[in-house]
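See below for the structure under consideration.
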Amino acid sequence: MGPGPSWAELSAAADNGLPGGSTTDPHARLLLLLPALGGDAVPDDAVRRLAGALRARTRVASPGRTGPWLPDGDASAAARTARRQSP
């Protein structure tokens with residue numbers, strides 16, 4: 001358990017749809033809240049849910065293909081990889 005919300009708490013907050021936040025879209029809310037995730041324990045369907053949110057809120061046809069760019073947080077590495085893969 002970390003200082004932030006667990007996956008269950010984060011998921012519930014993304015789904016609550018109460019007015020007063022920046023958006024009522026559960027996909028956008030999930031992506032906005034994701035950096036606050038405090039626990040390491042996530043259910044098996046978390047990847048599916050996160051991929052669905054990315055698909056709904058981005059123009060990336062296959063969000064799974066961008067995964068290798070993200071874990072280390074190195075945006076410059078992602079940009080280099082994208083340039084190498086561009087036609």
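- Grouping the Ile, Leu, Val, Met, Phe, Trp and Tyr side chains by contacts below 4.5 angstrom, directly or via other members, places Trp7 apart from Leu32.
- Taking every heavy atom of both residues into account, Ala14 and Leu33 meet most closely at N-CD1, 3.8 Å.
- When all heavy atoms of Ala36 and Pro5 are compared, the closest pair comes out as O-CD, 3.0 Å.
- For the pair Arg29 (side chain) and Thr23 (backbone), a donor-acceptor distance under 3.5 Å is present.
- Rounding to the nearest 0.5 Å places OG of Ser11 at 10.5 Å from CG of Leu37.
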Could you give me the CA-CA distance, side-chain angles and deciding distance for Val42 and Val47, then say whether side chain to side chain contact (heavy atoms under 4.5 Å, CB included) is met? CA-CA 9 Å; Val42 294; Val47 171; over 6 Å; no

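- Contact between Leu30 and Leu10 at its shortest, heavy atoms only, is CD1-CD2, 3.3 Å.
- One N or O on the side chain of Asp25 and one on the backbone of Ala28 form a donor-acceptor pair closer than 3.5 Å.
- Taking OG1 from Thr58 and CG from Leu31, the interatomic distance works out to 8.5 Å, rounded to the nearest 0.5 Å.
- Taking a cutoff of 4.0 Å between a charged side-chain nitrogen and a carboxylate oxygen, Asp15 and Arg49 qualify as a salt bridge.
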